[in-house]
Amino acid sequence: MRTRFLPSCRSTNGLITVGFLALGAALWIRYLVIENTPVGLACDAGTSHQTGVCMVRLVASRLFNVGVFGWVALGAALINLIRPSVFMLAIGLAASALGVVLYNAGLAGTGAAILALSLARPAREEA
């Protein structure tokens with residue numbers, strides 16, 4: 001019987017760190033940059049268009065309008081389902097956290113579910 005894909009303890013700690021950092025960044029972008037009315041008014045007025053916060057707001061809104069976070073989460077999850085690896089699991093986890101918080105919940109949630117299924121897949125056989 002082949003062993004299941006299971007990240008090591010060190011990899012799991014790294015995945016937890018990646019997940020919490022992505023979730024924290026997504027919450028900061030959504031609630032303190034995008035949905036914050038004074039920041040939105042200042043950025044839309046053009047008075048502070050050159051600031052980093054306005055640039056983050058512009059890039060994040062353009063990315064979630066076309067569903068980048070959800071598609072990346074879904075793509076990384078499908079690749080990880082086919083060939084399990086810690087790297088693709090980390091990318092899928094980060095993109096899922098960003099997508100669920102930043103308005104791409106449908107695709108990002110599907111990606112998160114596929115990531116959970118990929119943990120039941122057999123591990124790659126090393127040559």
Side-chain angles (χ1 to χ4, degrees):
M1 184 170 135
R2 293 174 57 186
T3 60
R4 300 284 180 217
F5 171 67
L6 184 66
S8 67
C9 291
R10 178 175 281 181
S11 297
T12 302
N13 287 337
L15 289 170
I16 290 169
T17 303
V18 166
F20 278 128
L21 286 175
L23 185 63
L27 290 170
W28 177 76
I29 290 170
R30 179 171 178 173
Y31 292 112
L32 295 178
V33 175
I34 294 174
E35 290 187 3
N36 192 348
T37 303
V39 171
L41 291 174
C43 290
D44 291 342
T47 56
S48 59
H49 186 66
Q50 301 301 324
T51 64
V53 171
C54 290
M55 187 59 71
V56 167
R57 183 176 190 270
L58 178 68
V59 169
S61 64
R62 296 248 170 103
L63 288 177
F64 74 70
N65 281 336
V66 293
V68 169
F69 302 119
W71 284 112
V72 169
L74 186 61
L78 288 173
I79 291 171
N80 193 54
L81 185 64
I82 295 167
R83 287 190 56 92
S85 72
V86 174
F87 180 71
M88 290 311 292
L89 185 61
I91 289 175
L93 183 65
S96 294
L98 286 165
V100 166
V101 175
L102 292 175
Y103 311 107
N104 295 143
L107 287 172
T110 304
I114 293 173
L115 281 176
L117 285 175
S118 70
L119 294 174
R121 292 274 303 157
R124 275 194 317 222
E125 290 185 13
E126 299 297 326

Novice: Decide yes or no on side chain to side chain contact (heavy atoms under 4.5 Å, CB included) for F64 and I29, but give the supporting numbers first.
Specialist: CA-CA 12 Å; F64 74 70; I29 290 170; over 6 Å; no
Novice: Shared ILVMFWY cluster between L21 and V59, side chains joined below 4.5 angstrom?
Specialist: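 Different clusters: L21 never reaches V59 through Ile, Leu, Val, Met, Phe, Trp or Tyr contacts under 4.5 Å.
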Novice: As a quick check of understanding, evaluate side chain to side chain contact (heavy atoms under 4.5 Å, CB included) for R10 and N13, giving each step before the final call.
Specialist: CA-CA 5 Å; R10 178 175 281 181; N13 287 337; 5.7 Å; no
Novice: Roughly how far apart are I114 CD1 and L78 CG, rounded to 0.5 Å?
Specialist: 4.5 Å
Novice: Which heavy atom of A73 sits nearest to which heavy atom of A108, and what is that distance?
Specialist: CB-CA, 4.1 Å
Novice: If every non-hydrogen atom of P7 is compared with every non-hydrogen atom of V86, which pair is closest and at what distance?
Specialist: CB-CG2, 4.3 Å
Novice: Which pair of heavy atoms, one from S118 and one from L115, lies closest together, and at what distance?
Specialist: OG-O, 2.6 Å
Novice: What closest approach, in Å, do A22 and A97 show between heavy atoms, and which atom pair accounts for it?
Specialist: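 Looking at all heavy atoms of both residues, the closest pair is CB-CB, 4.0 Å.
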Novice: With the 4.5 Å side-chain cut-off for hydrophobic clustering, are V100 and W71 part of the same group?
Specialist: no
Novice: When you measure from the side chain of N80 to the backbone N and O of S85, does any donor-acceptor pair fall under 3.5 Å?
Specialist: yes
Novice: Of the non-hydrogen atoms in G111 and S96, which two are nearest, and what is the gap between them?
Specialist: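 Reported closest heavy-atom pair: C-OG, 4.0 Å.
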Novice: So if you build clusters from Ile, Leu, Val, Met, Phe, Trp, Tyr with side-chain heavy-atom gaps below 4.5 Å, do L32 and I34 land together?
Specialist: yes
Novice: Is I91 close to I79 at the side-chain level, that is, under 4.5 Å between some pair of heavy atoms?
Specialist: no
Novice: Would a single hydrophobic cluster contain both L93 and L119, if residues Ile, Leu, Val, Met, Phe, Trp and Tyr are joined by side-chain heavy-atom contacts under 4.5 Å?
Specialist: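 Both belong to a single hydrophobic cluster.
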Novice: Given L63 and L98, is the side chain to side chain contact (heavy atoms under 4.5 Å, CB included) satisfied, shown in steps?
Specialist: CA-CA 11 Å; L63 288 177; L98 286 165; over 6 Å; no
Novice: What is the distance from atom CH2 of W28 to atom CG of N36, rounded to the nearest 0.5 Å?
Specialist: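 Answer rounded to 0.5 Å: 10.5 Å.
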Novice: For the hydrophobic clusters of this structure (ILVMFWY residues joined by side-chain heavy atoms under 4.5 Å, transitively), does one cluster hold both V72 and V56?
Specialist: yes
Novice: Would you indicate whether the side-chain heavy atoms of M88 and I82 approach each other to under 4.5 Å?
Specialist: no
Novice: Would L23 and V101 count as a side chain to side chain contact (heavy atoms under 4.5 Å, CB included) if you check the C-alpha gap in whole Å, the side-chain angles of each, and the deciding distance to 0.1 Å?
Specialist: CA-CA 8 Å; L23 185 63; V101 175; 3.7 Å; yes
Novice: Using every non-hydrogen atom in the two residues, find where L15 and L89 come nearest and quote the distance to one decimal.
Specialist: CD1-CD2, 3.4 Å
